[in-house]
Structures are given as C-alpha cells and as structure tokens.
Amino acid sequence: MAGRSQLSRRGLIASAAGAAAAVAVAGCAQPGAVARPAPPIPGSGLTLRWFGNNSWELTAGEIVVLVDPWLTRFHTGTYTQAGSDPTTPITVDTALLDRYVTKADAVVVTHGHFDHLPDVPHIAARTGATVFGNESHCNMLRALGAPAAQLNEVRGGERIDYSGYRIDVVPSLHSMVGPRAQVPFPGSRLGAAPPRPRTIADLVEGGTLAYEITMGGRTVLALGGSNYLDRELAGRRPDAVLLPVGGGSVPDYVPRLLELLDHPATVLATHWDDFDQPLEKPAVDTGALEKLRAAVAEASPSARFVQLDHLQRHTL
C-alpha cells in the first residue's frame with residue numbers, strides 16, 4: 001500500500017534472497033555449482049517508459065530491461081468489428097526500433113503473439129541483450145533470426161541474478177476472449193524451430209509467462225495477458241504491477257489480483273491502446289481503460305493508478 005515503508009521493502013527483498021539458494025538459476029549456474037543467496041539490489045529508483053501495447057522499458061541507472069518490446073505496430077484490424085486478419089504479413093520497422101531502443105541488458109517475452117514478439121530479434125542483435133522466453137517463444141525467435149546464443153530458455157520458477165538487477169520468471173496464463181473464452185492464435189512451437197513466420201497467425205501464443213523484475217531498489221510485476229495463476233502470485237509483494245485491461249472472463253480479475261499482491265502502491269495500465277495506430281501519435285483507447293481504472297479504485301483505493309501516453313515515463 002502507499003504507506004509501505006522502505007524498510008519493509010528491503011526486508012521482503014532480503015527474505016526472497018535468502019530463499020534463492022533453493023532455486024535453480026537457468027542459464028547461469030555451472031554443473032555442480034552451489035546457489036548462493038542473492039545480494040540486495042541497490043536503491044536508485046526505477047523509471048518506466050511505455051512504448052504502447054504491452055511494451056515497456058525499465059531503467060535504473062545504466063541498466064535497461066525491456067518487456068515485450070513491440071514498437072512496429074503494423075495494421076491488423078484487431079480492434080475493428082471484423083477482428084484481426086490472420087493473413088497480415090509480419091513487418092519490422094528497424095528505423096523506428098533504432099530510434100527508440102538504443103540499449104538493453106535483458107528482454108523478457110511474456111508470450112509469442114505478433115504484438116509481443118517480432119521486434120525482439122532485431123533488438124537483441126543490435127543491443128546484445130539476453131532474451132528470456134520459454135521453448136516455444138525461443139523457437140519462434142530463432143525462426144525470426146534472433147541470435148541463438150542470447151536466448152535464455154526458461155519455464156517459470158527461475159530466479160536469475162545479474163549485477164544490479166534480478167528477474168523472477170513466473171508461470172502465468174493468457175487472456176481468454178470471445179463467447180467460448182478462448183486464447184487467440186493458440187498453440188506451441190516445441191522441438192525444432194519452425195519455418196520462418198510470415199503472417200500474424202504463424203506467431204502462436206506458446207504458453208504465457210509473467211516476470212517480477214527488481215532493479216533500482218524497486219520491484220515490478222509485468223503481466224502479459226489479463227489472466228494469472230493465483231498460486232504463483234500469492235506472497236509476492238511488488239511495488240508496482242503492469243496491469244493489462246480486460247479479464248472479463250476471469251472471475252474478480254482485478255480485486256483478486258491486487259489482494260494476492262497485497263495491494264501494490266502503483267498500478268500502471270498496459271495493453272489498453274489500439275496498436276493499429278502509430279507509436280508516435282497519442283494512444284487511442286480501445287474502450288477498456290476506464291473500466292480498469294474504476295476496478296482498481298474500488299479494489300485498492302490507496303493505489304496510484306498511472307496511465308501513460310506513448311513514450312511517456314513514470315518513476316517509482
């Protein structure tokens with residue numbers, strides 16, 4: 001809550017660090033290595049910048065972590081009455097990416113859909129960032145030309161500590177839509193990498209992850225869809241949550257989530273804009289933003305609800 005002390009934040013982080021010895025660290029530990037408690041993360045403040053949709057840049061000092069960095073935003077018809085055209089070709093605006101993404105230490109991918117994944121290979125190649133995703137996500141990234149050596153394949157449950165920041169990988173669920181409450185573009189790409197994806201229908205969900213990112217003395221929970229697993233969130237105490245709109249098919253979507261997280265002090269709205277509109281123009285509400293704002297106000301009146309426009313920043 002808003003009155004949560006800095007001491008309690010440090011205590012929570014220290015407690016989590018002590019438990020890290022029992023957790024396998026994916027992609028970092030050598031065979032036979034003994035896991036050690038995680039060091040505390042220095043407190044210098046954390047700034048978030050919104051690139052629209054579910055795309056975020058988290059910065060603390062010189063450290064930059066990207067969440068679902070998709071900036072290209074080609075036209076799909078998703079928010080029209082007809083819905084997404086599955087034959088829409090995948091395009092990547094490299095000039096736009098190079099203009100706004102100049103550094104990244106890590107990129108976290110929540111799932112494999114076209115509005116989350118296709119810009120990641122170019123960003124990874126340009127920045128040298130480590131990219132986190134599950135087997136399906138990594139296979140699609142390989143098919144799109146991502147540098148294989150930079151892919152860190154995770155399943156959920158991993159805690160990875162780097163110098164100055166920490167990533168906890170959290171098993172999660174994707175949003176469910178329509179009268180049958182179905183995941184759009186379902187499926188996985190397991191085993192070998194598939195042929196290069198050409199249309200948005202080729203980029204399937206492939207399972208969904210969330211990420212708890214600690215840097216600058218702050219912790220942010222990044223969700224990729226308006227659904228989650230209660231058992232994976234119970235006991236987590238982030239300072240802020242990136243909360244997608246929607247969740248209409250999930251019972252008590254907002255109040256149950258905020259209660260599980262002990263009512264984070266800050267709630268940042270995400271995945272609320274029409275991504276057929278350009279990044280460099282103001283965000284266009286798809287119609288669910290005010291419902292999310294009202295639900296947060298009712299469930300957690302003391303929380304700060306943050307609505308950013310494209311490319312705006314907020315510091316925790």
Side-chain angles (χ1 to χ4, degrees), residues 51-56 67-94 96-97 107-124 131 133-146 151 172-210 223-227 244-250 270-279 281 283-289 310:
F51 290 131
N53 198 49
N54 201 54
S55 177
W56 292 84
V67 178
D68 287 344
W70 183 63
L71 288 69
T72 296
R73 301 169 66 91
F74 45 79
H75 188 273
T76 65
T78 296
Y79 295 107
T80 66
Q81 187 172 2
S84 304
D85 177 359
T87 67
T88 303
I90 297 166
T91 61
V92 177
D93 188 341
T94 58
L96 182 75
L97 294 175
V107 175
V108 299
V109 174
T110 65
H111 63 280
H113 282 156
F114 67 87
D115 57 326
H116 296 252
L117 187 97
D119 285 350
V120 172
H122 177 79
I123 291 171
V131 179
N134 68 18
E135 180 182 357
S136 183
H137 311 154
C138 288
N139 277 337
M140 289 187 286
L141 288 167
R142 290 185 187 97
L144 288 166
L151 301 179
S172 192
L173 296 172
H174 191 274
S175 317
M176 300 178 292
V177 298
R180 297 184 186 276
Q182 294 169 304
V183 174
F185 300 115
S188 292
R189 298 290 184 258
L190 305 179
R196 184 179 182 88
R198 301 293 179 184
T199 69
I200 64 172
D202 294 331
L203 291 176
V204 297
E205 180 242 349
T208 295
L209 299 169
L223 298 173
S226 45
N227 205 350
V245 298
S249 61
V250 180
T270 189
H271 221 319
W272 61 266
D273 62 322
D274 182 347
F275 51 64
D276 282 355
Q277 307 303 315
L279 174 66
K281 291 187 177 182
V284 175
D285 183 7
T286 59
L289 180 61
H310 292 164

**Prompt:** Does anything in residues 175-185 pair up under side-chain hydrogen bond (donor to acceptor under 3.5 Å, both in side chains), and if so which pairs, sequence neighbours excluded?
**Reply:** S175-S226
**Message:** The criterion is side-chain hydrogen bond (donor to acceptor under 3.5 Å, both in side chains); which residues satisfy it with T72, sequence neighbours excluded?
**Reply:** D119
**Fill in**
Taken to the nearest 0.5 Å, the spacing of I200 CD1 from T91 OG1 works out to 11.0 Å
**Request:** Evaluate side-chain contact (heavy atoms from CB on, under 4.5 Å) for D202 paired with R196, printing each intermediate quantity in order.
**Result:** CA-CA 9 Å; D202 294 331; R196 184 179 182 88; over 6 Å; no
**Asked** Are any side-chain N or O atoms of E135 and backbone N or O atoms of C138, one a donor and one an acceptor, separated by less than 3.5 Å?
**Response** no
**Request:** Please list all pairs passing the salt bridge (charged side-chain N to carboxylate O under 4.0 Å, His left out) test where one or both residues lie in residues 77-90, with sequence neighbours left out.
**Result:** none
**Prompt:** Listed by chain and number, what are the side chain to side chain contact (heavy atoms under 4.5 Å, CB included) partners of L289, not counting sequence neighbours?
**Reply:** A269, W272, D285, R293, F305, Q307
**Prompt:** If you round to the nearest 0.5 Å, how far is NE2 of H122 from CG of L96?
**Reply:** 10.0 Å
**Prompt:** Would a 4.5 Å heavy-atom cut-off, applied to side chains only, mark L203 and L144 as touching?
**Reply:** yes
**Message:** Could you tell me if the side chain of L209 sits less than 4.5 Å from the side chain of S172, heavy atoms only?
**Reply:** no
**Asked** So, for T88 and H75, which heavy atoms are closest and what is the spacing to 0.1 Å?
**Response** CG2-O, 3.3 Å
**Results of side-chain hydrogen bond (donor to acceptor under 3.5 Å, both in side chains) for D68 - residues two or more places apart only** = N54, T110, H116
**Prompt:** Considering residues at least two apart in sequence or located in another chain, which fulfil the side chain to side chain contact (heavy atoms under 4.5 Å, CB included) criterion with D274?
**Reply:** Y79, D276, Q277, V284, T286
**Prompt:** Who pairs with V204 by side chain to side chain contact (heavy atoms under 4.5 Å, CB included), at least two apart in sequence or on another chain?
**Reply:** M140, R189
**Asked** Which pair of non-hydrogen atoms, one from A143 and one from P197, has the smallest distance, and what is that distance?
**Response** CB-CD, 3.6 Å
**Prompt:** Are V120 and L141 side-chain neighbours, meaning at least one heavy-atom pair lies under 4.5 Å?
**Reply:** yes
**Asked** Would you say the side chain of R73 lies within less than 4.5 Å of the side chain of D273, judging by non-hydrogen atoms?
**Response** yes
**For the student: nearest non-hydrogen atoms of P121 and G145, plus distance** = CB-C, 4.1 Å
**Message:** Test of understanding: with side-chain hydrogen bond (donor to acceptor under 3.5 Å, both in side chains), list the residues that count as partners of N227, not counting sequence neighbours.
**Reply:** none
**Request:** Identify the two heavy atoms, one from N53 and one from T270, that lie closest to each other, and give their separation to 0.1 Å.
**Result:** O-OG1, 3.1 Å
**Item:** Sequence-distant partners of W70, ring pair (Phe, Tyr, Trp, His ring centres under 6.0 Å), two or more places apart
**Value:** F74, F275
**Asked** Which residues pass the side chain to side chain contact (heavy atoms under 4.5 Å, CB included) test with V108, sequence neighbours left out?
**Response** V67, F132, I167, Y211, I213
**Message:** List the residues meeting side-chain hydrogen bond (donor to acceptor under 3.5 Å, both in side chains) with H174, not counting sequence neighbours, and say none if there are none.
**Reply:** H111, H113
**Fill in**
Between G191 and N139, the two heavy atoms sitting closest are O-ND2, 2.9 Å
**Prompt:** At what distance, to the nearest 0.5 angstrom, does NE2 of H310 lie from CG of L279?
**Reply:** 6.0 Å
**Prompt:** Considering only heavy atoms from C-beta outward, does the side chain of T78 approach that of S84 to under 4.5 Å?
**Reply:** yes
**Asked** With side chains defined as the heavy atoms from C-beta onward, is the minimum distance between S55 and L71 less than 4.5 Å?
**Response** yes
**Message:** Ignoring hydrogens, what is the shortest heavy-atom contact between M176 and V183? Give both atom names and the distance.
**Reply:** CG-CG2, 4.4 Å
**Request:** Using ring pair (Phe, Tyr, Trp, His ring centres under 6.0 Å) as the criterion, list what pairs up with F51, not counting sequence neighbours.
**Result:** none
